[in-house]
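Numbers for residues simply follow the sequence, beginning at 1.
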Amino acid sequence: MRKTIFFFESLNLKSKWIIIFFLLVLPRIIYIYLNSITTDDSIFYLNVAENIKQGCGFAFKNNLGECQSLTGGYFPAYPYFIWFLKSISFSNKMIPSLVSIFAIGSIIYLLHTLYNYGLEERKIYALAFILGFSPISFGYSRYLLIEPIIYIFSVLLLAEFIKLKTNPKYFKYVYSRIIIFTIISVFFKPTSIILIIPHFLITIYSYGIKKFINVFLLFSLLLMLFIIPWGLRDIKYGSHIPFKINASNGPENIRGFRSWLSSFSLTEYDHASALFPIYNRNSGDRKKIVINTKWNPFISENDSDLKKIKQILNEDDPLLKRGFTKDEEKIFYKLARDRLKKNGIFGNTSLLMIKSLSLLINPLNSWGWPLQVGLDSKFYIFNGSFITKILFKFLIFVYRLFLFSLYFKYIFAFMRLLNPINIFSKNNYNLIQNNSILIGSFLLLSTNLIMFVGVFNLLEHRYFYPIMPWIEFSVYFTFINNSFFRRVS
């Protein structure tokens, strides 16, 4: 590392940034061109973009092969983004390549912000390497998915958070960018609205409640002005209410089943076997749903509600292969309430904690890397591909274990110093100011868990991909400032 740092220090500033940019972006582009870039969601986005091109608008093809307007669930930015790039002759692999270029550009923007505020150059290089080659951020960069786009806005908003914290002189300009970045990200994915939460926090503590109320009202007003037309469009094309959670191309009355599933499922693999068969837009069939109970202390094969569910799933109804009736949904909701009541406070708390830990540190998760093993795979000592995938999964698991161990160590250290009785004390004020990025990242993580696990009943670790830069930055910015880094460098 020392030789690398000395090499960079011998270059002029412009050359340094150019070299850092290409060192970070070229491996991602090579990675994209060597691997598959599509999932079922990717194919869906490509199909919507194709329908836009053909004049169908923001629509999907129904079972009759006809264009049907897509309402609820989705906002328009990503399919239109794909449509625009395809209209200027971008290939499928060129799209994530461009997104990766923007992603590295956002990291450079963050690093340049730190440089302008006086962070030592060698620490800039360390952060560039850590953030640019993070196994968490690198994996999903190959996919035609919305999350890599939200990752870009997350990093940009992290940089603006630092500016907001350290430079009150340019408050209006910084907050203008914060609002613009957040609203644009919402048009890609509505749940990305949580990215503004840390900025509200620092506004309250650094600028006062009056300033916070002003920017909160301004942001809310502008957000509503921009998204109301899209909500009115939903109503125009047949939606009973604007901004429905479930899209019109999804399974009918699915939320009750998801609610029941969430009352016992532990991992996203439990969710996958139960939801993917019915969400599949081409071959979806509720008879293909598999409810995993093995090694799960919250459910067993002998449970009466499971037997009732299986009876419903096996009933023939050609009109509802991918969904349920209203009456069936009511049954699911009742069974979910009964099971949550049976779990009790301790059981439900344990269930939530297991789900959360599984999303963050499950050793089987690949985080976007091409490491699929398959349930029918068998271990052979000479199966090089299998061994390599398992080892790489293990390394990603160790990385996450290391990352979150440090992260929660810092969180608990902060909480021990905080005075919960006199919350507005000078000591608490200084403590929050000095740890604002750590607190902001924790608010993002907590909100994400509450939103996807608690409210939407969805378990997919890719939904946490966009907030990981905040967590990695919180950990490594502290890490590189300790004596260990100074000894190494």
So, are [X] and [Y] salt-bridged, with charged N and O less than 4.0 Å apart?
{"X": "K326", "Y": "E252", "answer": "no"}
{"X": "E329", "Y": "K334", "answer": "no"}
{"X": "K355", "Y": "D270", "answer": "no"}

(request) Over 60° means perpendicular and under 30° means parallel, so classify the ring planes of Y170 and Y173, tilted if in between. (result)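 Y173 and Y170: tilted rings.
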(request) Fit a plane to each ring of Y140 and Y143, take the angle between them on a 0 to 90° scale, and name the class: parallel (under 30°), tilted (30 to 60°) or perpendicular (over 60°). (result)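 Y140 vs Y143 ring planes: tilted.
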With no hydrogens and no angle check, is any side-chain donor or acceptor of [X] less than 3.5 Å from a backbone partner on [Y]?
{"X": "N365", "Y": "W367", "value": "no"}
{"X": "T267", "Y": "Y269", "value": "yes"}
{"X": "S42", "Y": "L144", "value": "yes"}
{"X": "S137", "Y": "F133", "value": "no"}
{"X": "R258", "Y": "L458", "value": "no"}
{"X": "S69", "Y": "A59", "value": "no"}
{"X": "S358", "Y": "I354", "value": "no"}
{"X": "S206", "Y": "I202", "value": "yes"}
{"X": "N51", "Y": "G57", "value": "no"}
{"X": "R322", "Y": "N280", "value": "yes"}

(request) Could you point out which residue of L158, T447, L157 forms a side-chain contact (heavy atoms from CB on, under 4.5 Å) with L195? (result)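 When L158, T447, L157 are each tested with L195, the side-chain contact (heavy atoms from CB on, under 4.5 Å) holds only for L157.
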Pair [X], [Y]: side-chain N/O donor-acceptor within cut-off below 3.5 Å:
{"X": "N457", "Y": "S262", "answer": "yes"}
{"X": "K86", "Y": "N92", "answer": "yes"}
{"X": "S192", "Y": "S185", "answer": "yes"}
{"X": "E268", "Y": "H461", "answer": "yes"}
{"X": "S441", "Y": "Y407", "answer": "yes"}
{"X": "H112", "Y": "Y117", "answer": "no"}
{"X": "K165", "Y": "S436", "answer": "yes"}

(request) Measure from NZ or CZ of R28 to the centre of the six-membered ring of F138, then state whether that distance is under 6.0 Å and the direction lies within 45° of the axis. (result)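 Yes, cation above the ring, under 6.0 Å and within 45°.
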(request) Please assess I88 against F90 for the test side-chain contact (heavy atoms from CB on, under 4.5 Å), listing each intermediate value before the final yes or no. (result) CA-CA 6 Å; I88 56 175; F90 267 54; 3.8 Å; yes
(message) Restricting to side-chain contact (heavy atoms from CB on, under 4.5 Å), what partner residues turn up for K211, sequence neighbours left out?
(response)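 Only F171, T203, Y207 meet the side-chain contact (heavy atoms from CB on, under 4.5 Å) criterion with K211.
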(request) Test side chain to side chain donor-acceptor pair (under 3.5 Å) on N419 and N428 and set out the steps. (result) CA-CA 6 Å; N419 184 351; N428 280 358; 5.3 Å; no
Distance (rounded to the nearest 0.5 Å) between [X] [atom1] and [Y] [atom2]:
{"X": "I471", "Y": "F408", "atom1": "CD1", "atom2": "CZ", "result": "7.0 Å"}
{"X": "E472", "Y": "F477", "atom1": "CD", "atom2": "CZ", "result": "15.5 Å"}
{"X": "F181", "Y": "S154", "atom1": "CZ", "atom2": "OG", "result": "12.0 Å"}

Could you pull out every donor-acceptor pair under 3.5 Å between side chains of residues 212-231 and any protein atom, sequence neighbours left out?
{"from": "N214", "atom 1": "ND2", "to": "K210", "atom 2": "O", "distance (Å)": "3.4"}
{"from": "S220", "atom 1": "OG", "to": "F216", "atom 2": "O", "distance (Å)": "2.8"}
{"from": "W230", "atom 1": "NE1", "to": "Y74", "atom 2": "O", "distance (Å)": "3.2"}

(request) For Y399, look at atom OH and say whether over 12 heavy atoms of other residues, nucleotides or ligands are found less than 6.0 Å away. (result)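 Atom OH in Y399 is crowded, with more than 12 foreign heavy atoms closer than 6.0 Å.
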(request) Would you confirm whether the ring centroid of W470 sits within less than 6.0 angstrom of the ring centroid of F161? (result)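 Yes: the rings meet the under 6.0 Å criterion.
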